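Reminder, nothing fancy here: chain letters follow the sequence lines and each chain counts from 1. Owing to the predicted nature of the structure, the values given are computational and were not obtained by experimental measurement.
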Amino acid sequence: MSADTPLHHVCDCQKICLIGDFGVGKTSLINRFVDRQFSDQYLSTVGVKISRKLIEVEKAGTPTVFQLLIWDIEGSTKFKTIAPTYLQGAKGAIVVADVTRPETLEHLAEHIERFTNLNPQGVFVIALNKSDLIDPEQLDVLLKASQNYPLSVLSIYSTSAKTGIHVDQLFQTLAKHL
Amino acid sequence: MSKIMHRLENLTTEENLSQDEVDQLHQFLNLLVDLDIIEPEPTIAKEIEKEDEFPIEVGLHLEQLPSFSMQINFPLPPPPLETSIETNETQFQQLQQLLMGAELRILNDLIAGSRQQVLRLEHQIYDPQELSELLLPRIGELLAQKVAHSKEEMIEAIAPIIDQIIQSRTQQNRQSMGNALASSISPAIAQQVALNSEELSDAIAPTMGQAIKKQIFLEQDAMVDALYPIIGNTVGKYMGATLDAINEKIEQTLSVEGITRKIRAKMQGVSEAELIIREVMPSQVQAIFLIHKASGLVIAEVQHPEQHLESDMLAGMLTAIRGFVNDCISQSGDLPLELDSIDYGTSKIVLEVAGYCYLATVVKGEPSAAFIKMMQSTLRHLVCQYDPLLHHFDGNSATLPEDIQKALEILRDSGESAAEKGGKPSALFFCGLAIVGLMAVPWSIFQYLGFRQQQAESAAVAALYAAPQLSIYNLQVEAKQDYLSLSGRVPNGLLRQKAEQVVAVALPKWQVKNEIVAVEVPADPVLAAAEVQRVTRVLNRLEGVAIATRYHHGKVWIEGTISPLIEASHIPQSFAQIPGVLSTLSTVQVQPLRIEVRFYFEPDVSSLHPSDRGYKLQQVINFLNHYPRQSLKIIGYSNSPTREPGSEQIALDRAHALKQALTERGIDPSRLQIQGSTDLPPGVDSTQPNWLSRCVIVEPTAP
Ligand SMILES: Nc1nc2c(ncn2[C@@H]2O[C@H](COP(=O)(O)OP(=O)(O)OP(=O)(O)O)[C@@H](O)[C@H]2O)c(=O)[nH]1
Ligand SMILES: [Mg+2]
């Protein structure tokens with residue numbers, strides 16, 4: 001704030017989380033969005049990894065810039081759910097499913113519920129990821145079928161961390177409503 | 001044979017042999033028959049065949065003579081023949097003599113010669129030296145053949161002596177044996193490790209210690225390099241474990257330094273070992289972060305100008321680790337475990353948690369106990385003062401009061417000054433001690449008191465500095481034997497009182513002697529005006545405050561708006577405390593909170609448009625969650641110029657639809673009050689499109 005402490009932290013930061021089953025492509029989506037990269041290798045995330053990106057969105061007509069702190073949280077498995085402390089204090093979450101694994105789509109609602117219990121005001125966008133792996137008609141069917149989500153779900157995108165399609169929109173939409 | 005007989009017969013007749021000669025010949029023939037050299041006359045042969053069930057075979061293989069395998073076979077017991085073997089033999093010799101007197105001699109010579117050869121061969125076989133010479137050129141080939149042919153046999157044959165072979169070879173020439181084995185040693189060990197590492201460790205273990213010692217002796221640097229990567233972690237643990245040992249050692253050393261250190265340790269209530277470590281490693285505060293506990297967002301920070309840390313990432317990761325410790329390591333049932341510090345290299349991150357936030361300080365070296373206490377009191381102060389603000393921290397640090405930042409700066413400065421002060425007096429102390437060794441006790445008491453006083457002083461100063469109204473006055477704190485003396489000047493008695501209170505809270509164990517003077521300073525209009533401006537800025541930083549002020553002749557005019565959540569009387573009070581302000585005049589208006597959301601409807605429809613259930617609805621919910629004490633008035637509108645009957649009901653239904661939607665999203669219905677109206681909604685007139693008046697608006701109301 002004052003001139004004599006140039007290192008003083010003035011920051012508008014927002015925390016968001018990526019949640020979903022293991023291997024659906026959470027880490028890959030973040031890598032695509034933050035570093036513009038994709039790798040075929042699967043390195044399962046352990047615990048959390050935090051990335052950040054300066055983001056500009058239009059809020060109520062005026063462009064605002066803020067720091068997005070993106071928490072990449074380890075995927076849940078049959079035996080292990082996400083630790084609640086990692087989700088606390090996040091304004092929103094990107095919930096990810098893998099279009100080639102139907103069970104990951106079924107778990108979307110559970111993830112939304114768990115997050116909402118901790119952050120009642122939380123908002124979501126859903127990413128139906130790996131859309132490059134199925135044909136467009138099938139994708140349409142999936143998108144149409146997944147409509148019964150709570151109102152806190154702002155939007156549903158079919159994404160691909162590999163081709164990059166809809167990845168920016170995914171993050172932008174969420175950021176806009178934080 | 002019969003031909004021979006015939007010829008014999010013929011001979012007798014044709015050549016006129018004497019009877020003697022014929023007899024002799026007959027004898028010879030019989031002998032030949034006996035010896036089976038010729039066949040007898042058929043009749044005779046038959047006769048013999050009958051009796052001769054066990055024929056004697058005498059095979060004399062003359063052509064094989066040079067060889068030494070002369071065979072005489074007696075397959076079965078000698079037959080009951082009229083001719084015994086002896087007679088046979090004599091006959092045989094006779095025959096030999098008869099037949100080949102001269103050749104026999106040659107033959108004998110030959111046999112003797114071969115016997116010689118045989119003997120030589122035997123000698124060669126039994127004398128190892130000779131044998132090896134004999135076999136040497138062929139042995140490789142032979143072995144290879146044998147191995148290819150039947151490996152097992154070969155192995156069996158060599159196995160019993162292989163160790164001896166190696167042993168004796170090693171004795172003969174260690175070097176060459178070493179060379180031969182060298183290349184296969186490491187794979188051999190690797191294999192053994194894979195197969196049975198335990199056995200190997202058992203084997204090596206006893207000499208391991210010695211081996212390492214020796215290696216250290218030989219090549220210390222290389223050893224250090226090799227061990228360095230693991231030593232860092234180990235040393236920490238090792239240090240902890242050996243602190244006691246160090247203490248014990250010191251106990252016995254009666255150096256001057258040792259004694260003084262001992263006294264200081266007693267006085268300060270820390271172990272000597274800790275003191276030694278502290279002496280060697282002065283600490284330095286590198287960064288302080290105040291972090292929101294739940295989200296891990298940085299609320300405020302101060303950093304070392306040269307080594308800037310990535311605060312956002314650091315805070316996030318720290319928070320994740322803290323969460324992990326709380327969640328996963330703590331046993332269920334127990335209180336959650338707290339992460340106190342994280343050590344890395346020679347630095348350390350010390351954590352103090354309270355309320356909705358925690359302080360994380362990055363310190364190089366070992367932080368002093370005094371500094372940790374300071375951290376605790378700073379955090380306590382911040383939590384007491386700003387708890388709700390910290391709780392609802394939404395990531396934007398610009399919205400927070402400057403004092404929070406100030407408090408961290410004070411904490412950092414106190415950490416630095418403690419480090420500086422820590423060094424000098426102790427050096428002085430040692431000098432004094434060297435001169436008057438016996439005076440150690442009073443000196444060290446002095447030293448201890450000095451330390452304790454220092455600590456109290458800096459804590460009190462920090463507390464005063466952190467109190468918003470007091471931070472601008474230059475107040476001094478002096479710690480005496482058993483009390484703290486406050487001095488300085490403040491413009492009124494209220495502030496004087498406040499200062500005493502602040503110090504008492506920060507240092508509950510100390511008596512406070514308040515020597516602060518409240519002076520009615522003759523108003524300096526310039527200072528007062530500046531102060532009014534400063535307070536105005538501070539107040540405007542609070543959420544919901546938008547005021548402007550004017551100062552003139554001791555009077556402050558205040559105008560503007562504040563939100564209903566702020567106690568309106570606080571505003572003029574804040575100005576009244578300023579020296580030089582004699583009166584205040586406030587025209588501040590309480591501005592009602594507003595939510596600028598309208599829900600629009602199709603004609604004659606009273607259910608919410610599906611698209612409105614997303615973002616718009618969320619905004620209302622956000623508002624209600626943000627102001628939990630606020631209620632909402634939901635007003636439905638259905639204006640029709642013709643005043644149709646039923647339009648009032650539609651208006652009410654529209655309001656009800658929104659209430660319903662909010663209730664479904666978890667809002668307590670008692671906070672929602674509905675109302676219908678057929679008037680035009682506020683801000684809409686009849687010239688505007690009709691759809692604008694088919695709407696629901698929400699108005700915050702006090703509970
Ligand atoms: N074809 C294709 N492959 C993808 C896509 N996104 C991710 N993958 C692959 O899927 C695998 C898993 O991706 P990650 O991003 O590591 O998955 P994750 O959700 O972070 O997994 P966890 O950390 O274990 O929960 C990797 O091999 C990626 O290369 C995509 O859009 N298309
Ligand atoms: Mg991952």
If every non-hydrogen atom of A/Val48 is compared with every non-hydrogen atom of B/Ala320, which pair is closest and at what distance?
-> CG2-CB, 3.2 Å
Name the region of [X], side chain, backbone, both or neither, that has any atom closer than 4.5 Å to a heavy atom of chain B.
{"X": "A/Val153", "answer": "neither"}
{"X": "A/Ile50", "answer": "both"}
{"X": "A/Ser152", "answer": "both"}
{"X": "A/Pro84", "answer": "both"}

As an exercise, state the distance from [atom1] of [X] to [atom2] of [Y], rounded to the nearest 0.5 Å.
{"X": "A/Lys15", "Y": "B/Asp312", "atom1": "NZ", "atom2": "CG", "result": "13.0 Å"}
{"X": "A/Leu69", "Y": "B/Ser295", "atom1": "CG", "atom2": "OG", "result": "8.5 Å"}
{"X": "B/Thr399", "Y": "A/Asp12", "atom1": "OG1", "atom2": "CG", "result": "8.5 Å"}
{"X": "A/Gln67", "Y": "B/Asn396", "atom1": "CD", "atom2": "CG", "result": "12.5 Å"}
{"X": "A/Thr85", "Y": "B/Ile321", "atom1": "OG1", "atom2": "CD1", "result": "11.5 Å"}
{"X": "A/Thr116", "Y": "B/Arg665", "atom1": "OG1", "atom2": "CZ", "result": "8.5 Å"}

N/O donor-acceptor pair under 3.5 Å between A/Gln14 side chain and B/Asp394 backbone | yes
Against chain A, label B/Ile621 side chain, backbone, both or neither, depending on which of its atoms sit under 4.5 Å from a heavy atom there.
-> neither
Proximal component of B/Arg322, with respect to chain A [non-hydrogen, under 4.5 Å] = neither
Heavy-atom side-chain contact between [X] and [Y] under 4.5 Å:
{"X": "B/Val298", "Y": "A/Cys13", "value": "no"}
{"X": "A/Val123", "Y": "B/Gln618", "value": "yes"}
{"X": "B/Met313", "Y": "A/Arg52", "value": "yes"}

Would you say B/Tyr386 has more than 12 foreign heavy atoms packed within less than 6.0 Å of its OH?
-> yes
Among A/Gln88, A/Lys91, A/Lys49, residue most engaged with chain B (heavy-atom pairs, under 4.5 Å) = A/Gln88
If you count heavy-atom pairs under 4.5 Å between each of B/Gln619, B/Glu310, B/Glu664, B/Lys293 and chain A, which one has the most?
-> B/Glu310
